[in-house]
Structure formats: C-alpha cells, structure tokens
Asker: 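First, the structure itself, so that you have it in front of you.
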There are 2 protein chains.
Amino acid sequence: MDKQPSNTLSRILAYAEQECQARSLRLTPVRRRVLEMLVKHKHPVSAYQLLDELVEEGHKPAPPTVYRALDFLLEQGFIHRLATQNNYVACMHLGARHMGVFLVCKRCKKTVELLGENVRDTLTELADKNQFSLEEALVEVNCLCLPCRRQSEREQP
Amino acid sequence: MDKQPSNTLSRILAYAEQECQARSLRLTPVRRRVLEMLVKHKHPVSAYQLLDELVEEGHKPAPPTVYRALDFLLEQGFIHRLATQNNYVACMHLGARHMGVFLVCKRCKKTVELLGENVRDTLTELADKNQFSLEEALVEVNCLCLPCRRQSEREQP
DNA sequence: GTCTTAAACGTTATATCATAACATACGATA
DNA sequence: TATCGTATGTTATGATATAACGTTTAAGAC
C-alpha cells in the first residue's frame, strides 16, 4: 500500500503556503481545499470528483471554480495532471521543479510519481538532436503493480 | 518542414492492408479513410476534425463511427493518441511495435515521433525498481522547435 | 447458393471534461 | 476610503467521448 504518514498533508500544505508567500501569490481557501483533497486521495481523481466532494461539504461551486483552482495548483507545480486519464494528483516531491514520471497500474490505478532525472536527460538529448528544445514533458507509464500482476496471472495463466 | 514523400501515404496504407490480412482483420473503408486522413495531415488532429472532413466528403457519420475507427487503428498500432491534446496522429514507424515518443512544438504544433528505445529501457528499469511491470508508455515532450524558438526570442529577448 | 454468425456500422441519446463571458466580492495599498 | 487588480460566483455552452441498441455486411459452414 501507499505509505502516507499523517504529517504528509500538513507538510505539503505548509510548503504550499510558504511557496505562495515567496511568490506573492495567494493560497485561497478553495485552492487550499482542493490541494488538501488531492493529497488525501490515494489515487488520481477527476475534476468532477473534487467538485462533488466540495458540494457534499456544503460549498456549491460550479466547474470553473474547481478548474481555476486546479490550473493555479498546476502552474505552481503543486499538482500534476495525468492526461491519459483526465485526472489530477498531488505532487509528492516538494521543493524541486521536476519532470513528473508516473507509473500507473492499469488494474488498480495505484500511482507512483518518480522524479525521473535520467529520463529528463535522455529526453533533452533526443530533443536537441531533432532541433527541439525541451520545455516540459509528461511521462505516463501504463503498468501492472506486483499484486495485480500476480492476480492476473492467477486468473489467466 | 516535415518531409512527406508522395509515396508515404501509399506505403503506409499498403502496410496497414498487409498487417490486417496477416492478423485476419479488416481495414474497412471507414478505417482506411481515417488512416488516410491522419497520414495526410501534417499535425495531430482531433476526432471531431476528422468527423467534419468526412461530413464534407458526403458521408454522414456520427461520432461513434470515427471513434471506433480510431480505436481500431490505435489497437493495431497504426496511429497514436496524444493525450495532452486529445489529438490523433498516424504512426510513421512501420513494422516495429514501439513506444511512441513525441516532440511537440507548443507554438506551431509541429510534431515529431521518435522510436525512443533508450527511453523505454530507462522506463522499464525505473518500473522494475518500483515493482511495476511496464506495459506501455506515453511520452509527450512539450518543446519549441528551432524556428519557433528564434521567433519567440525575437519577440521578447 | 443460402444459412448462420460475428463483426462492423448507423443512429439516438447522453455522459464526461472543460471553458467563455460577465457580474460580484475581496484584498492590498496608495 | 478609494482604487485596482485578482479571485470567485454564475450561467451557459463548447468539446470530447461512449452507452445502448438496431441494422447491415462479410466470411465460412453446409
């Protein structure tokens, strides 16, 4: 299972607060709440799932509210978007502007985010060779995690 | 500019026909036409663009027709989907089941597909370390191509 | 040839994801 | 406290994708 120590949430929120201060930006209640929800989830979640949760809490936001919060968090590097799934996930690597590399189990959706520095180097080199300059990259790896691989072997050996 | 020799289209279509025969599958008129349109386009295009073009030709297809053709072509490895852009693009690397690595210029949308074998190796290794087994991967690199980089330097040096 | 069957396609409706446009509220600062 | 930029609320709509079900088509069995 994913380990998520009880202090992870407060650590990430504190980091976000601090970064926003440093950048003269505001971590408003909506933005903070969306980040909080993303950290608490074990798996990537969709914008509309977040919207539903906000509605259950008594807020009555419309889609743009959530998307604006997500856009802000994405810009600041606090979260990532998994484009193949239209899902969003909190970034677990504080302090480093990095390229997200995501291992996603296609069965149980368990997701691991890696820093992938060597992937970045490889891609930068490839881009250079083709006269492109790398700005950023999305690497999503469709996988089976160990338990799911065993499970599927059991089902159809 | 992209080079696309006049025989590329027929080469790709011939390859697709041949592979379908070998796999006992049918490259039906819709599938063939969609593949043809994707090859002819210089840039990745959306499902609804393809739909519009079919309508202009006199067909009256609904969205499922196009999506079914795209799904078939994706499954057979004849095309790729760029998830960050909800776009589809013909595969230019015949004969090899490979991991697509896409360099996409964020200004002009010029797109280059690379085979990226060394990327695959790096990712396989990363996955193994985390007890995931790689099934397939999407690598989209947001770039500036040389002309666009020069252009943007001219605009805001 | 014609019967059977699975695959492909047509069609309607709807689900899902995302943003445009404009009005209102808020917060920093002069 | 007046001002102005930023953030949010609100309504509507655009863009992407699929469910469900009926009909057609192609390929092999007889």
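Here is how names work: the chains are called A, B, and so on, in the same order as the sequence lines, proteins then strands, and each is numbered from 1.
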Asker: Nearest nucleotide by nearest heavy atom, which residue falls closer to the 5' end of DNA chain C, A:Tyr48 or A:Arg26?
Answerer: A:Tyr48

Asker: So A:Arg31, base contact, sugar-phosphate only, or nothing? Heavy-atom distance under 4.0 Å.
Answerer: sugar-phosphate

Asker: Please list all pairs meeting ring pair (Phe, Tyr, Trp, His ring centres under 6.0 Å) that have one or both residues in residues 98-117 of chain B, counting only residues at least two apart or in different chains.
Answerer: B:His80-B:His98, B:His80-B:Phe102, B:His93-B:His98

Asker: Toward the 5' end of DNA chain C, which comes first, B:Asn86 or B:Pro64, by nearest nucleotide?
Answerer: B:Pro64

Asker: So if I take the C1' atoms of five pairs at each end of the helix from C:dG1-D:dC30 to C:dA30-D:dT1 and get each local axis, what angle do the two axes make, rounded to 10 degrees?
Answerer: 20°

Asker: Indicate yes or no: does A:Glu153 engage A:Arg150 in a salt bridge with an N to O separation below 4.0 Å.
Answerer: no

Asker: Within this structure, what is the CZ-CG distance for the pair B:Arg81 and B:Asp71, rounded to the nearest 0.5 Å?
Answerer: 9.5 Å

Asker: May I have the distance from B:Asp71 (atom CG) to D:dT16 (atom C1'), rounded to whole angstrom?
Answerer: 13 Å

Asker: Please name the residue in the list B:Thr8, B:Asn7, B:Ile12 that meets the side chain to side chain contact (heavy atoms under 4.5 Å, CB included) test with B:Ser10.
Answerer: B:Asn7

Asker: Starting at CD of B:Gln85 and ending at P of D:dA15, how long is that distance when rounded to a whole Å?
Answerer: 16 Å

Asker: Quick one: does A:Val141's side chain get under 4.5 Å of A:Val139's, heavy atoms only?
Answerer: yes

Asker: Please answer whether the main-chain N or O of B:Thr84 pairs with a side-chain N or O of B:Glu140 as donor and acceptor at a distance below 3.5 Å.
Answerer: yes

Asker: Atom NZ of A:Lys60 and atom P of D:dG9: how far apart are they, to the nearest Å?
Answerer: 13 Å

Asker: Closest heavy-atom contact between A:Cys143 and B:Phe132?
Answerer: CB-CD2, 3.4 Å

Asker: OP1 or OP2 of D:dA19 less than 4.0 angstrom from a side-chain nitrogen or oxygen of B:Arg68, does that happen here?
Answerer: no

Asker: Check the phosphate of D:dA17 against B:Tyr67, side-chain N and O only, distance under 4.0 Å to OP1 or OP2. Yes or no?
Answerer: yes

Asker: Distance check needed: D:dA7 C1' versus A:Arg33 CZ, whole Å only.
Answerer: 19 Å

Asker: Which residue is it: B:Leu13, B:Leu70, B:Leu9? I am looking for the one with a side chain to side chain contact (heavy atoms under 4.5 Å, CB included) to B:Leu35.
Answerer: B:Leu13

Asker: Would you mind reading off the distance between B:Gln49 atom CD and D:dA15 atom P, rounded to a whole angstrom?
Answerer: 11 Å

Asker: Nearest whole angstrom, please: distance from the C1' of D:dG9 to the CG of A:Leu51.
Answerer: 13 Å

Asker: Taking atom types as modelled, is there a side-chain donor on A:Gln151 or A:Arg107 under 3.5 Å from an acceptor on the other?
Answerer: no

Asker: Contact boundaries of DNA chain C with chain B (under 4.0 Å, heavy atoms), 5' to 3'?
Answerer: C:dA8 to C:dT12

